[in-house]
Amino acid sequence: MHLVDHLNPMQKEGVLQSKGPVLLLAGAGSGKTRVLTHRIAYLIEQGVAPWNIMAITFTNKASKEMRERVDALVGQGSEDIWVSTFHSSCVRILRRDIEKIGYDKNFVIYDMDDQEKVMRECLKELDFNEKLFTPKGVMGEISAQKNELISVGEYTKRAAIDFRMSQIAKIYALYQKKLHSNNALDFDDLIFKTVELFTLRPDVLTVYQEKFRYIMVDEYQDTNTAQYQLVKLLASKYQNLCVVGDDDQSIYGWRGANIRNILDFEKDFKNTKVIKLEQNYRSTKTILEAANAVIQNNISRKPKALWTENEEGKSIRIFKGMNEYEEAQYAAEEIVRQVEEEGREYKDFAILYRTNAQSRVLEEHLLRKTIPYRLLGGVRFYERKEIKDIMSYLKAIYNPADDIAVKRIINIPKRGIGDTTIDKVMKQAAATESNFFDVLTYSDEIPDLQRSAKKLKEFSKMLITLQVRVETMSVVDLIEEILNITGYVRELELENTEEARGRIDNIKELISKAADYKKRVDEPSLTGFLEEVSLVADIDNYQENANSIVLMTLHSAKGLEFPYVFMTGLEEGIFPSYRSMTSGEEKDVEEERRLCYVGITRAREVLYITHAQSRMLRGMTQYNSPSRFIREIPEHFVEETKKPVVEKSVPKANTTTRKALPVQARKFVQNANTFTMPTPKNVVLNFGQGDAVQHKKFGVGTVQAIQPAGADYEVTVFFPQSGAKKLMAQFSNLKSV
DNA sequence: CAGAGACTCGAGGAG
DNA sequence: CGAGTCTCTG
């Protein structure tokens, strides 16, 4: 029995084509991970040393999965294969060699929060119009430059003719200067600086080229220019580069992913062998053909069509809710029904949505039905205040030059050091070109700081004390020591609120994560722990085995699969998003459509698509028409389902075949049909649709519909005597009976 | 300096 | 609607 015996011919070719550039176009569910892992095993079988092999993925989860599968296939020596993400590979390289380009190798990694703080400082210092230059906006532009490998110098040159750009160039320069003096890199820098290192120091590049003779890149369609350049540099010597991707699943354009990387691969690497994997092993025919039908509406793509030998399967269920509550209720009830009547397990279900904000209503209804669920996204663990506080202590101990971390904790818990004092310290630091922390240590010598010097020195002494212990203490002990000295947890205990208890739990969770780190890693260190924390993604924490349904964004769902998938909020303005519809660029809607394709192809057996006629957004009620993507699914794959008639009637799903809907032949024609109006205020209704109500003149009737109408509700009530009446809730004085 | 209350403004997705 | 910022007061 040979490695490739149970692979299909195309997969086999992907495995055996082990030399030279290979472009593996792998459709959704076509077994690409399988090809990659077998390919690695085959290389080793052919006598390639494990340490000469590198496999790059985007998420830790993907790399962990690949590592496990490779371990199972290869056995001995597999630990020497570099299986890691772009970011962690770069960190590893930079820790060794970044000194060669003028950075300290103990750099810290800034997350978005930290970046924004630095950015705010820059904007404040430069005193630019804050309406024109928002931290987020400028950060986005700078990030885009880094993704395109455009340095401060290069950008400044290009910016010369444009006022706004030249302003941003100044911010970019200051921002980089601050990061450098804080001894910090942001996410984009991790890639950028590695490329810079390789470019400036060919000797270093050669070392890595010799090391990584066989390179594989997963999710290649999501690489940006910087990542591409990195791979190209590494592979240029031996040309043994295998990239795997699917242009139809490119959904990270907004993050700088350059779809040209996949479309032009053959031009960049001569004699590229192109292999297409088009057989899908995951979904039913119905689901797959629906996905094909949707994605065909995109103009810029490589033509292809996935096929499967799987059975027809069930129709795609489409549900229209009156509002997002009804939508959520439907999903929850349908899941309960499937679990109780069809014997499915909770873990078979995923609910997907376009934006994280949509998860709340869904959660409420799942809680109400006591359906166990896991939520990915939202406020991530490491972004919680208490966690960031503790982490900032660790960062400040590790790298006192990290002004952002030091400033964050200087008055946490309260030490009587206020904004005025902090400002003075900052001024002093700027004037002497020193770090914020250094100023603290000699604050008693500065006239301006005399009054608060005692507190400042006390704080700096405490940090120094902790620094000394790093050598001898594990991360767990260090955290406990911090909590001890600062009284952080004690303070929370005194609060004695639900929220405070939650925060204490989170801190305990952090400690156990640190303990787990210590157990798992060969040489645990504070650096290692900080690094790991900086680089975790949400999806990395997703556990397949837990028996609960899972809620996540469509973006997070890429690479996963579930027997039952709910795609929710399929409405114009939500999905496709308002921004993509109004940007004026068709490519933006095409990216949304690819996201839809990704969503549909997550489903193995049954796909539900739901949308709501109205939904609350930012305190406003929006009325959205159904998403164009619904119309792009041929109707014979679809059945429209009605809500299991709730409340008073039989709780049984009641499905009917959907009547002919006009099929929109061409896109572009679609207009938004999205608008907002004020939500009724000060009107409380104590009845809902289907309830009986009493009216002075008409007697008892049944509520048929409730529509917001300006600041009031228009209630349609059917009265047996007088027929249907439309009444304004505020004036009709309806009473529930 | 700290806390309370008013006020503004904004949510797309993620390593 | 809700998080984050601003302003006022003790």
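Computed from a predicted model, the values in this text were never measured in an experiment. Each chain gets a letter, A, B and so on, in the order the sequences are listed, and its residues count up from 1.
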What pairs of nitrogen or oxygen atoms, one from the protein and one from nucleotides 1-7 of chain B, lie under 3.5 Å apart?
{"from": "B:dC1", "atom 1": "OP1", "to": "A:Gly418", "atom 2": "N", "distance (Å)": "2.9"}
{"from": "B:dC1", "atom 1": "OP1", "to": "A:Thr421", "atom 2": "OG1", "distance (Å)": "2.5"}
{"from": "B:dC1", "atom 1": "OP2", "to": "A:Thr420", "atom 2": "N", "distance (Å)": "3.4"}
{"from": "B:dC1", "atom 1": "OP2", "to": "A:Thr420", "atom 2": "OG1", "distance (Å)": "2.7"}
{"from": "B:dA2", "atom 1": "OP1", "to": "A:Gly416", "atom 2": "N", "distance (Å)": "3.2"}
{"from": "B:dA2", "atom 1": "OP2", "to": "A:Asn411", "atom 2": "ND2", "distance (Å)": "3.3"}

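Rounded to an integer number of Å, the gap from A:Lys136 NZ to B:dG13 P is 11 Å. Separating the CG atom of A:Leu123 from the P atom of C:dT5 is a distance of 14 Å, rounded to the nearest angstrom. Straight-line distance from the CE atom of A:Met567 to the P atom of B:dG13: 15 Å, rounded to whole Å. A:Lys385 places its NZ atom 14 Å from the C1' atom of C:dA3, with the value rounded to the nearest Å. A:Ile251 has its CD1 atom 12 Å from the P atom of B:dG13, to the nearest Å. Spacing between atom CG of A:Leu190 and atom P of B:dA14 amounts to 19 Å, rounded to whole angstrom units. Rounded to an integer number of Å, the gap from A:Tyr353 OH to B:dA11 P is 19 Å. What separates CD1 of A:Ile191 from C1' of B:dA14 is a distance of 13 Å, to the nearest Å.
Under a cutoff of 6.0 Å and an axis angle of 45°, A:Arg92 and A:Trp82 form a cation-pi pair. A cation-pi geometry, defined here as NZ or CZ lying under 6.0 Å from the six-membered ring centre and within 45° of its normal, holds between A:Arg255 and A:Tyr252. Geometrically, A:Lys193 does not engage A:Tyr103 in a cation-pi contact, judged by NZ or CZ lying under 6.0 Å from the ring centre and within 45° of the ring axis. Annotation: cation-pi geometry satisfied between A:Arg95 and A:Phe107 (NZ/CZ under 6.0 angstrom from ring centroid, within 45° of ring axis).
Between the C1' atoms of B:dG13 and C:dG4, the separation comes to 22 Å (whole Å). Remark: the separation of the P atoms in C:dC6 and B:dA11 is 16 Å, to the nearest Å.
Looking only at distances, no side-chain donor or acceptor of A:Asn298 sits under 3.5 Å from a matching main-chain atom of A:Arg301.
Side-chain N/O atoms of A:Asn356 and base N/O atoms of B:dG13 include no donor-acceptor pair closer than 3.5 Å. If you check distances only, the side chain of A:Glu592 does reach the base of B:dG12 with a donor-acceptor pair under 3.5 Å. With hydrogens and angles ignored, a donor-acceptor pair closer than 3.5 Å exists between the side chain of A:Trp254 and the base of B:dG13. Put simply, the side chain of A:Arg354 and the base of B:dG12 share a donor and an acceptor less than 3.5 Å apart.
Residue A:Tyr252 is classed as a sugar-phosphate contact, given heavy-atom separations below 4.0 Å to backbone atoms only. Residue A:Gln227 is classed as having no contact, given no heavy-atom separation below 4.0 Å to the nucleic acid. Nucleic acid contact class of A:Thr553 (heavy atoms, under 4.0 Å, all strands): sugar-phosphate only.
Each of B:dA11, B:dG15, C:dT5 was ranked by its minimum atom distance to the side chain of A:Ala357; first place goes to B:dA11. With distances taken from any side-chain atom of A:His555 to the nucleotides B:dG13, B:dG12, B:dG15, the minimum falls on B:dG13. Residue A:Thr355 places its side chain closer to B:dG13 than to any other of B:dG13, B:dA11, C:dT5.
Each of A:Ser580 and A:His87 lies near DNA chain B, and the nucleotide nearest A:Ser580 is the one positioned closer to the 5' end.
At the phosphate of B:dG15, neither OP1 nor OP2 sits under 4.0 Å from any side-chain N or O atom of A:Asn60. Contact check, A:Arg360 against C:dG2: a side-chain N or O comes under 4.0 Å of OP1 or OP2. At the phosphate of B:dA14, OP1 or OP2 sits under 4.0 Å from a side-chain N or O atom of A:Ser556.
By the 6.0 Å contact criterion, NZ on A:Lys385 is enclosed, its count of non-hydrogen atoms from other residues, nucleotides or ligands being greater than 12.
For A:Thr486, the side chain to side chain contact (heavy atoms under 4.5 Å, CB included) test picks out A:Tyr393, A:Pro413, A:Arg415, A:Met462, A:Ile482, A:Tyr488, with sequence neighbours left out.
Atom CG in A:Leu362 sits 6.5 Å away from atom CD in A:Glu327 (nearest 0.5 Å).
Using bins of under 30°, 30° to 60° and over 60° for the plane-to-plane angle, the ring pair A:His365/A:Tyr325 lands in the tilted bin.
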